[in-house]
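Have a look at the structure below, then the notes.
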Amino acid sequence: MLPWGQEALRKIITTLAVKNEEIQSFIYSLKQMLLNVEANSAKVQEDLEAEFQSLFSLLEELKEGMLMKIKQDRASRTYELQNQLAACTRALESSEELLETANQTLLATDSKDFPQAAKQIKDGVTMAPAFRLSLKAKVSDNMSHLMVDFAQERRMLQALTFLPVPSAPVIDLAESLVADNCVTLVWRMPDEDNKIDHFVLEYRRTNFEGPPRLKEDQPWMVIEGIRETEYTLTGLKFDMKYMNFRVKACNKAVSGEFSEPVTLETPAFMFRLDASTSHQNLRVDDLSVEWDAMGGKSPCLPHPPGDTLIDGGEHYWEVRYEPDSKAFGVGVAYRSLGRFEQLGKTAASWCLHVNNWLQVSFTAKHANKAKMLDAPVPDCLGVHCDFHQGLLSFYNGRTKQLLHTFKAKFTQPLLPAFTVWCGSFHVTTGLQVPSSVRCLQKRGSATSSSNTSLT
């Protein structure tokens, strides 16, 4: 063991070495920042000069256009006035000639030709241009309509400055909505800002209620280029209890700070398939099952149940079977049934069953009773279980058309249960009860029936 002095010195050396490494790293960071300052200042200076040059070019273009307008107006007025001046000059010359002729004729009143000469002068005066001229100028010499006053524009130019950093938006929880596996987020700006170009929305899934934690397993997902102050995320899978959201505003140059993050609850029914209770002929993934014909034959249909109990509330999930499946079923059963090898054949299970052998049969089964359903077999079945109301409804998963409803009094917790033979299926969980299903459930349906009607 080292003497106390040597051990203490080694600790000091280690501490100094670590501190030196930190300082060296910080020095490198400072040097990099100096380089970035030079590069970034050169960039913004170049951008500033380009913007001012663009303004100069625009002003010069506007100036040329307005000068051209003045020149065209001047030319048009000059042309009209010169034409009118020429016409008046010609009329005056003609009138002076007539006046001189009339004076000369008046001096020769004794001449025998006087009456005829007087008549000719009268006719000439009647047709003289001087009496057909308008003595009002066709255009005005007033050019005040081409005056300018750039006082307001000058004030605007004097107000030119660098772009302000946008304020952080405020998310409006009262207007935001979670429904149908969609989230509509609404926000507003604390102050009016006409320089905002777009917004950036970030979201992530979490199982923790309250403000977002600094460290999360799930990364932030980013949506850019949002032009409005609301956005709807569609087609979400709610495989966690909550979602965090935050928004920031951006102008042409810079983005502001993120809004205060909010957490929205995303309630949905989540489960995985339980491979441990499935038949040996099945290859079971978390949400997919495939019948393995090489695994041997069994007189019973194999069933992988879900791993999450239903003991209250409303739940919804969907099952998509491959078209080549020879037989399949979907429903619920009590957990006490163990391996669920008699799904649809016991008093404690409820299901829809499809047989695709020689002829297609589509039946609702419960308590060893079956009822044929007069409806096309969909490739996707939706299941809605309202435990407290004792309702188990099946829908076309794509159109949400009601296929059948069981009415029962559930006395034990339920599990989702499935059957398949010579085929495969995929389960979609993390779904909310669709609004259309809720509406149908409230209105009821002519196709719904109680389990006592099964024969």
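- Separating the CG atom in D374 from the CZ atom in F362 is a distance of 10.5 Å, to the nearest 0.5 Å.
- Shown here for P190 and P169, the closest heavy-atom pair between the two residues is CD-CA, 4.3 Å.
- More than 12 heavy atoms of other residues, nucleotides or ligands lie within 6.0 Å of CD in E153, so this atom counts as buried by the packing criterion.
- In this structure, R246 forms a cation-pi arrangement with W220, its terminal cationic atom sitting closer than 6.0 Å to the ring centre and no more than 45° off the ring axis.
- Side chain of N40 to backbone of N36: a donor-acceptor contact under 3.5 angstrom is found.
- Crowding of K237 atom NZ: a count of heavy atoms from other residues, nucleotides or ligands under 6.0 Å exceeding 12.
- Sparse packing is recorded around CE of M221, with 12 or fewer heavy atoms of other residues, nucleotides or ligands lying under 6.0 Å away.
- Formation of a donor-acceptor pair under 3.5 Å by the N251 side chain with backbone atoms of P164 is found in this model.
- Ion pairing between E224 and K248 fails under the 4.0 Å rule for side-chain N and carboxylate O.
- When every heavy atom of P323 is checked against every heavy atom of N356, the shortest pair comes out as O-ND2, 4.3 Å.
- In this structure, N181 contributes its side chain and G430 its backbone to a donor-acceptor pair below 3.5 Å.
- Look at R227 and D197 and you find a salt bridge, because one of the NZ, NE, NH1 or NH2 atoms lies within 4.0 Å of a carboxylate O, short of that distance.
- Side-chain contact between E314 and H388 is absent, with no heavy atoms from C-beta onward closer than 4.5 Å.
- To the nearest 0.5 Å, atoms CD1 (I27) and CD1 (I23) are separated by 6.5 Å.
- With rounding to the nearest 0.5 angstrom, the OG1 atom of T206 is 9.0 Å from the OH atom of Y242.
- The two atoms that bring K195 and D193 nearest to each other are N-OD1, 2.9 Å, heavy atoms only.
- Two residues are said to be in side-chain contact when any heavy atoms from C-beta on lie closer than 4.5 Å; P267 and Q432 meet this criterion.
- Around CD of E257, the count of heavy atoms belonging to other residues, nucleotides or ligands within 6.0 Å does not exceed 12.
- Shown here for H404 and K371, the closest heavy-atom pair between the two residues is CE1-CD, 4.4 Å.
- With hydrogens and angles disregarded, no donor-acceptor distance shorter than 3.5 Å links the side chain of D180 to the backbone of C182.
- Counting heavy atoms from C-beta on, the side chains of R205 and N244 never come closer than 4.5 Å.
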Test F425 against F418 for ring pair (Phe, Tyr, Trp, His ring centres under 6.0 Å), laying out the working first. CA-CA 9 Å; F425 68 87; F418 312 88; 5.3 Å; yes
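- Contact check for V332 versus S349: no side-chain heavy atoms found under the 4.5 Å cut-off.
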With side-chain contact (heavy atoms from CB on, under 4.5 Å) as the test, would you mind laying out the steps for V360 and V377 before giving the verdict? CA-CA 9 Å; V360 177; V377 181; 4.0 Å; yes
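- Between the side chain of S325 and the backbone N or O of S424, at least one donor-acceptor pair lies under 3.5 Å.
- By the 6.0 Å contact criterion, CD on Q152 is open, its count of non-hydrogen atoms from other residues, nucleotides or ligands being 12 or less.
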Given K19 and E22, is the salt bridge (charged side-chain N to carboxylate O under 4.0 Å, His left out) satisfied, shown in steps? CA-CA 5 Å; K19 179 56 67 176; E22 291 177 353; 3.1 Å; yes
Worked check of salt bridge (charged side-chain N to carboxylate O under 4.0 Å, His left out) between K400 and E318: CA-CA 11 Å; K400 301 301 182 287; E318 293 181 349; 3.4 Å; yes
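- If you take CZ on F271 and OG1 on T429, they are separated by 6.0 Å, rounding to the nearest 0.5 Å.
- Looking at L201 and F245, their side chains come closer than 4.5 Å, going by heavy atoms from C-beta outward.
- Between W350 and H366, the two ring planes are parallel [angle under 30°; tilted spans 30° to 60°].
- When all heavy atoms are compared, the tightest approach of G329 to T419 is N-OG1, 2.7 Å.
- Looking only at side-chain heavy atoms (C-beta outward), W187 and V170 stay at 4.5 Å or farther from each other.
- Looking only at atom types and distance, the side chain of S361 has no donor-acceptor partner in the side chain of N355 under 3.5 Å away.
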Before you tell me yes or no, could you show the steps for V383 and V330 under side-chain contact (heavy atoms from CB on, under 4.5 Å), namely the whole-Å CA-CA distance, both residues' side-chain angles and the distance that decides it to 0.1 Å? CA-CA 8 Å; V383 186; V330 57; 3.7 Å; yes
Working for salt bridge (charged side-chain N to carboxylate O under 4.0 Å, His left out), residues D379 and R320: CA-CA 6 Å; D379 62 346; R320 187 181 71 252; over 6 Å; no
Is there a side-chain contact (heavy atoms from CB on, under 4.5 Å) between D285 and L273 once you walk through the steps? CA-CA 7 Å; D285 198 357; L273 298 178; over 6 Å; no
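- The environment of CD in E61 is sparse: at most 12 heavy-atom neighbours from other residues, nucleotides or ligands sit within 6.0 Å.
- Around the CE atom of M372, the shell of radius 6.0 Å holds more than 12 heavy atoms that belong to other residues, nucleotides or ligands.
- Remark: D286 engages no residue in a side-chain hydrogen bond (donor to acceptor under 3.5 Å, both in side chains) (not counting sequence neighbours).
- Under the 4.0 Å criterion applied to side-chain N and carboxylate O atoms, R10 and E7 are not assigned as salt-bridge partners.
- Between the side chain of T15 and the backbone N or O of K11, at least one donor-acceptor pair lies under 3.5 Å.
- A donor-acceptor pair under 3.5 Å is formed between the side chain of S176 and the backbone N or O of D172.
- If you take CG on L391 and SG on C385, they are separated by 8.5 Å, rounding to the nearest 0.5 Å.
- Atom OG in S436 sits 11.0 Å away from atom CG in L402 (nearest 0.5 Å).
- If you run side chain to side chain contact (heavy atoms under 4.5 Å, CB included) between F199 and each of E228, M189, E230, only M189 comes through.
- Of the possible polar contacts, none joining the S76 side chain to the Q72 backbone as a donor-acceptor pair under 3.5 Å is found.
- Between P413 and F387, the closest heavy-atom pair is CA-CE1, 4.3 Å.
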Derivation and outcome, side-chain hydrogen bond (donor to acceptor under 3.5 Å, both in side chains), residues H384 and S393: CA-CA 5 Å; H384 176 220; S393 301; 4.8 Å; no
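- Under the 4.5 Å side-chain criterion, counting only non-hydrogen atoms from C-beta, L160 is in contact with L55.
- For the pair Y231 (side chain) and V200 (backbone), a donor-acceptor distance under 3.5 Å is absent.
- The backbone N or O of T411 lies less than 3.5 Å from a partner atom in the side chain of Y334, making a donor-acceptor pair.
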Go through the steps for V186 and I171 under the test side-chain contact (heavy atoms from CB on, under 4.5 Å), then give the verdict. CA-CA 6 Å; V186 180; I171 296 177; over 6 Å; no
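- Residues M240 and T266 fail the side-chain proximity criterion, which asks for heavy atoms closer than 4.5 Å.
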